[in-house]
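All remarks here apply to the structure that follows.
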Amino acid sequence: MALPSKEQIAEIVKKIQADPALLKEFQEEPVKTIEKVGEFNIPDFLDAKVNQIIKEQIAANGDKNPMDIISKFIK
């Protein structure tokens, strides 16, 4: 599986930020929301770890820009 490009991630973030319902969903179920908006699959064995890391970042940083959080995974 190829990782999404930075451009694809930026597009996903724009869609999440533009829709309050998606932003709330992202805060609750980050992986599922990213998969749904980006129309790709994150391997199941990574789901729990990615969810945990994103939720920790949200808790630590509040409503910080999702791109800042997601970008940590694409460096």
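In this view, K36 and L22, E25 satisfy the side chain to side chain contact (heavy atoms under 4.5 Å, CB included) rule, not counting sequence neighbours.
Counting heavy atoms from C-beta outward, D19 and V37 have side chains that stay 4.5 Å or more apart.
V31 and I42 get closest at one heavy-atom pair: CG1-CD1, 3.9 Å.
One distance of note links CD1 of I34 with CD of E29; it measures 11.0 Å at 0.5 Å rounding. The distance from the CG atom of N51 to the CG atom of L46 is 11.0 Å, given to the nearest 0.5 Å.
Between the side chain of K55 and the backbone N or O of Q27, no donor-acceptor pair lies under 3.5 Å.
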